Amino acid sequence: MPAVSKGDGMRGLAVFISDIRNCKSKEAEIKRINKELANIRSKFKGDKALDGYSKKKYVCKLLFIFLLGHDIDFGHMEAVNLLSSNKYTEKQIGYLFISVLVNSNSELIRLINNAIKNDLSSRNPTFMCLALHCIANVGSREMAEAFASEIPRILVAGDTMDSVKQSAALCLLRLYKTSPDLVLMGEWTSRVVHLLNDQHMGVVTAAISLITCLSQKNPDEFKTCVSLAVSRLSRIVSSASTDLQDYTYYFVPAPWLSCKLLRLLQCYPPPEDGAVKGRLVECLETILNKAQEPPKSKKVQHSNAKNAILFEAISLIIHYDSEPNLLVRACNQLGQFLQHRETNLRYLALESMCTLASSEFSHEAVKTHIETVINALKTERDVSVRQRAADLLYAMCDRSNAKQIVAEMLSYLETADYSIREEMVLKVAILAEKYAVDYSWYVDTILNLIRIAGDYVSEEVWYRVIQIVINRDDVQGYAAKTVFEALQAPACHENMVKVGGYILGEFGNLIAGDPRSSPLVQFNLLHSKFHLCSVPTRALLLSAYIKFINLFPETKATIQEVLRCDSQIRNSDVELQQRAVEYLKLSSIASTDVLATVLEEMPPFPERESSILAKLKKKKGPGAVSVTELDDSKREAGELNGGADRGPDTAAMAASNASTPSPSADLLGIRSAAPVGAAQTNAGSLLVDVFSDSGPAAPSAAVNDDGFLSSAPPSEDPAPPLSEADELLNKFVCKNNGVLFENQLLQIGIKSEYRQNLGRMYLFYGNKTSVQFASFSTTVSCPGELQAQLNVQSKPVEPLVEGGAQIQQVLNIECITDFCDAPLLNIKFRYGGALQNLTLKLPVTINKFFQPTEMSSSDFFQRWKQLSQPQQEAQKIFKANHSMDTEVLKAKLLGLGTALLDNIDPNPENYVCAGVIQTKGQQIGCLLRLEPNAQAQMYRLTLRCSKDTVSKRLCELLAQQF
């Protein structure tokens, strides 16, 4: 950098700054600034022959005033004039002013761009660097449009000085992050990659930041960088600290460059070239070996640099997940850090081991450190380290150590920080369910969990234990006995009362033979908690009481007396009052047989994903459950959980088999419980009719045995599909429930469920007006080829829909072969004498028949290569239509119906899915890869399917979801 001459001290600026600092009040400061602004304005207007030094001084003052928080509305032209100066200090101040005060919409931007172009073409390295710094600092789209094609040429030119190359690389990186669509490397790609071989380490360090960013977006174009990165890394790792003197930091050669090289390699799978892979493995082994060597300095900077490289190397080893020896060595190295005196190292070690625990090669090695991790959970002072320890215990848990880990986590819960208790409760509940072999242990664990941390036990947890108890006959008696004993504690958490009320209401008869838990003793125990509970819990207890009347007729008089008292039938809460009155009347007038039918034991819950897992999945951090764990848990706990995620609704408990349930539902938030029509199936499954042995009937215009009408060809006079029909259809590609259509007259809600090649859909038609709909009819049709591809059967609807009322229609769906079109739903009715006729597309798309498929990394890539024919692949690059939030993306991919696979793609930012589409005639395997680019706000979607028409259709559907 040129030396600053003595005259550049700008004494006037120093005096002005001193005056500002000496001001005693805000008013005095403003007065001094206004005086200075008036003086500068008069100088700029009056003295046309103002020299460069004076311009620079006044522009500096304006810049200082702006940084104090005052608006500046003049002086921009003078700053632009400074850009044409040949003096470094004047040009520097001009660029500084432009970078800070000029926005991209300024009228001066063309003049500024011309000055920058002149400096870039001047070949003066100092002026070129100033120009590049200004472009990067402004970083606007206009700057990218003007210079994105020029900067790569400067970067790779042979006569460009090293300092300019560094600035050019970082400037290009900045423009790429703001406007990736304008920075097209094209012919420069290979030459930019070869900057990794540059002699100047500063150029390599700057270039690798650019290459890493470009590789994340276009890995295939930059894959040649892998061998060059390995070569450069090998030279650094094998060098002595004296070989790279200018780039050695506390005896560690080029630590920043080493970390960046290791991070770049994490964008790609392990090298296929044996020689390159061997060299890389050698580098990683050397890094692990150096970690064992005694430190060359006691300075903290030395250990920080050394450990930064080590942790980045371990991240690469975990990313590859293909070298068992390296994974175990990495685990052992991290194990040494678990007892290190430095808190940050312990935190990082625990965090990295959480990832290692998911690898089949290193899981056992991680488990050897269980005692150290448990000790960290108990003794660590830092709450964040304790949380990582809890995450690691959760990750390393399996059937062999589940009881030990759950016991330790329960013990820690009693003194755990409030900030992590809820997450700890979820993890204990998940582990207890996932690895329960002895169901009595599971019940004991959950009840103990409620006792210890009742305030942090969410509804999902106690819903879940009830679902499991209901689905397991062998644990019901033990659960009733255990919860009865738990309720005898003087201080009992309300969640315990909820569980106790529900289980005793259902299975209290199993322990009624013991005089110590006779029916009246059970009732009195529950009722002793009644006055201490909230309204929802009291409502549940009232439902338990009416169940008692059915189970134990001898308690009828006592319970009726409770229901008859003023505090119940005249309760200020309408829900409690209604229940008390209805239950009292039901117990008085209903015969024993009717009462037994209405209050029959709850049927088993259908098998679904645990809501506890779904809730934990939403949490951030390494300890959050992965999608793979969700599916593993469902598979492993299938025998245990068998339960749906509908909560044990208190009213449903009281009248589980009501013969004429109300069809009304909240269309704007359709509940997750089974629709009312399903109550009559007794098994609780939405798909009982669909999965009957006879299967759906062949297409016919007649009504079949179940009262279903088969889909018909389009009728003579249906209205054409609404203009927004496709848009409404797209809303349901990744979800099954919601509002399909709504106008000022009618609202149509939808709820559906699919299994293999069969599905059932519930349509809810709501009359939003106060006037009756007459001649209400619906027709489902499959146009054209769809008639042979999809079989849809519908139940007829009521012809009259009263004002404010709602009716329900059930559809059974069978996928015969793959299809592209959607069935049409035509709705006709008369409103005020006028015929209303509208046609919608039913949200039945090919992905609804997905069955998720779990597979390992090797199986995935083997299958991916097998589906390599051009017609089997469909790919699309498109702009993001919605927020690129990670959790939203995962939810949509899960809603698609596939399995979301973790640790498959070499780039952790990408998503990989697998599934099989089930049709009547065949199974169609599908693999999906979604590559988001947050900077560019774009995606690349690749699908490979065993049938080409399915690849294209899925690609079209999904491109509109993200």
Side-chain angles (χ1 to χ4, degrees), residues 667 699-701 708-733 735-736 738-752 759 761-769 771 773-799 801 806-848 881 949 952-954 956-961:
L667 292 182
S700 167
F708 282 85
L709 288 167
S710 293
S711 59
S715 58
E716 299 271 336
D717 58 344
L722 297 176
S723 57
E724 67 268 28
D726 287 323
E727 181 183 344
L728 297 172
L729 175 75
N730 288 331
K731 284 167 47 180
F732 286 85
V733 170
K735 67 175 184 176
N736 291 334
V739 176
L740 176 63
F741 171 79
E742 185 171 14
N743 62 13
Q744 67 272 23
L745 303 179
L746 178 69
Q747 183 189 59
I748 304 174
I750 189 169
K751 179 177 178 62
S752 52
M761 181 180 291
Y762 289 81
L763 294 170
F764 301 88
Y765 304 100
N767 183 347
K768 295 175 63 177
T769 72
V771 179
F773 290 167
S775 304
F776 191 92
S777 66
T778 65
T779 307
V780 179
S781 60
C782 295
E785 295 179 352
L786 193 62
Q787 188 76 14
Q789 297 167 339
L790 206 63
N791 182 13
V792 184
Q793 300 174 331
S794 59
K795 279 195 172 181
V797 295
E798 295 292 331
V801 185
Q806 175 185 270
I807 60 172
Q808 173 187 301
Q809 183 177 29
V810 185
L811 308 181
N812 282 349
I813 304 161
E814 180 185 25
C815 178
I816 300 169
T817 183
D818 63 285
F819 58 94
C820 292
D821 295 328
L824 299 179
L825 173 66
N826 178 246
I827 303 155
K828 294 180 183 176
F829 60 92
R830 291 195 175 274
Y831 170 71
L835 177 65
Q836 306 292 322
N837 186 357
L838 62 102
T839 302
L840 302 167
K841 289 187 177 182
L842 278 177
V844 182
T845 47
I846 188 65
N847 65 286
K848 299 298 182 184
N881 300 314
T949 53
K952 293 173 184 173
R953 178 55 177 159
L954 286 174
E956 291 170 4
L957 286 171
L958 286 178
Q960 302 172 60
Q961 302 302 310

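Bear in mind that the values here come from a model prediction, so they are computed numbers and not experimental data.
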*Take Ile748 and Ile827 through the test side chain to side chain contact (heavy atoms under 4.5 Å, CB included) and record every step on the way to the result.*
CA-CA 10 Å; Ile748 304 174; Ile827 303 155; 3.3 Å; yes

*Stepwise side chain to side chain contact (heavy atoms under 4.5 Å, CB included) check, Asn812 with Val792*: CA-CA 6 Å; Asn812 282 349; Val792 184; over 6 Å; no

*Please round to the nearest 0.5 Å and tell me the distance separating atom CG of Leu763 and atom NZ of Lys795.*
13.5 Å

*asked:* Do Leu790 and Ile816 make a side-chain contact, defined as non-hydrogen atoms from C-beta onward lying under 4.5 Å apart?
replied: no

_Ignoring hydrogens, what is the shortest heavy-atom contact between Ile750 and Pro843? Give both atom names and the distance._
CD1-CG, 3.3 Å

*Look only at the side chain of Arg830 and the backbone of Ala774, and say whether a donor-acceptor pair between them is shorter than 3.5 Å.*
no

*Which one of Lys841, Glu956, Gln960 satisfies the side chain to side chain donor-acceptor pair (under 3.5 Å) criterion with Asn730?*
Gln960

*Output yes when a side-chain donor or acceptor of Thr769 lies under 3.5 Å from a complementary backbone atom of Val771, and no otherwise.*
yes

*Closest approach of Pro721 and Leu824, non-hydrogen atoms and distance?*
CG-CD2, 4.1 Å

*Could you tell me which residues satisfy salt bridge (Lys or Arg N to Asp or Glu O under 4.0 Å) with Asp821, sequence neighbours excluded, listed by chain and number?*
none

*Are Val739 and Gln747 side-chain neighbours, meaning at least one heavy-atom pair lies under 4.5 Å?*
yes

_Do Ser794 and Val810 make a side-chain contact, defined as non-hydrogen atoms from C-beta onward lying under 4.5 Å apart?_
no

*Identified side-chain contact (heavy atoms from CB on, under 4.5 Å) counterpart of Asn767 within the set Val801, Leu745, Leu746*: Val801

*Could I get the full list of side-chain hydrogen bond (donor to acceptor under 3.5 Å, both in side chains) partners for Gln809, not counting sequence neighbours?*
Tyr765, Thr778

_Between CG on residue Asn743 and NZ on residue Lys768, distance to nearest 0.5 Å_ = 7.0 Å

*Within a strict 4.5 Å, meaning less than it, do heavy atoms of the Phe741 and Leu728 side chains meet?*
yes

*Could you tell me the separation between the CG atom of Leu729 and the CG atom of Leu722, rounded to the nearest 0.5 Å?*
12.5 Å

*Hey, does Asp818 have a side-chain heavy atom less than 4.5 Å from the side chain of Gln789?*
no

_Residue pair Asn837 / Phe829, side-chain heavy-atom distance below 4.5 Å_ = no

*Okay, side chain of Lys751, backbone of Gly738: is any donor-acceptor separation there less than 3.5 Å?*
no

*asked:* Test of understanding: with side-chain hydrogen bond (donor to acceptor under 3.5 Å, both in side chains), list the residues that count as partners of Ser777, not counting sequence neighbours.
replied: none

_How close do Gln836 and Tyr831 get, counting heavy atoms only, and between which atoms?_
CG-CB, 4.1 Å

*Using the side chain to side chain contact (heavy atoms under 4.5 Å, CB included) rule, take Glu798 and Phe776 through it: C-alpha gap first, then chi angles, then the decisive distance, then the call.*
CA-CA 7 Å; Glu798 295 292 331; Phe776 191 92; over 6 Å; no

_Looking at every heavy atom in both Val844 and Pro823, which two are closest together, and how far apart are they?_
CB-CD, 4.0 Å

*Compare all side-chain heavy atoms of Leu740 with those of Leu840 and state whether any distance is below 4.5 angstrom.*
yes

*Quick one: pull up CG in Leu954 and OG1 in Thr845 and give me the separation to the nearest 0.5 Å.*
8.5 Å

*Is the side chain of Asn791 donor-acceptor paired with the backbone N or O of Ile813 at a distance under 3.5 Å, no angle test?*
no

*asked:* A quick test of your reading: do over 12 heavy atoms of other residues, nucleotides or ligands sit less than 6.0 Å from NZ of Lys952?
replied: no

*If you measure from NZ on Lys828 to OG1 on Thr779, what distance do you get to the nearest 0.5 Å?*
6.5 Å

_Set out, in order, the CA-CA distance, both residues' side-chain angles and the distance that settles side chain to side chain contact (heavy atoms under 4.5 Å, CB included) for Leu811 and Gln793, then state yes or no._
CA-CA 5 Å; Leu811 308 181; Gln793 300 174 331; over 6 Å; no

_Test item: side-chain donor near acceptor, Asn736 and Lys848, under 3.5 Å_ = yes

_Nearest-0.5 Å distance that lies between atom CD in Glu785 and atom SG in Cys820_ = 8.5 Å

_Are Ile807 and Phe764 packed together at the side-chain level, in the sense that at least one heavy-atom pair is separated by less than 4.5 angstrom?_
no

*Candidate pair Thr839 and Asn826, rule side chain to side chain donor-acceptor pair (under 3.5 Å), full reasoning*: CA-CA 4 Å; Thr839 302; Asn826 178 246; 3.0 Å; yes

*Measure across Leu786 and Ala822 and return the closest heavy-atom pair with its distance rounded to 0.1 Å.*
CD2-C, 3.5 Å

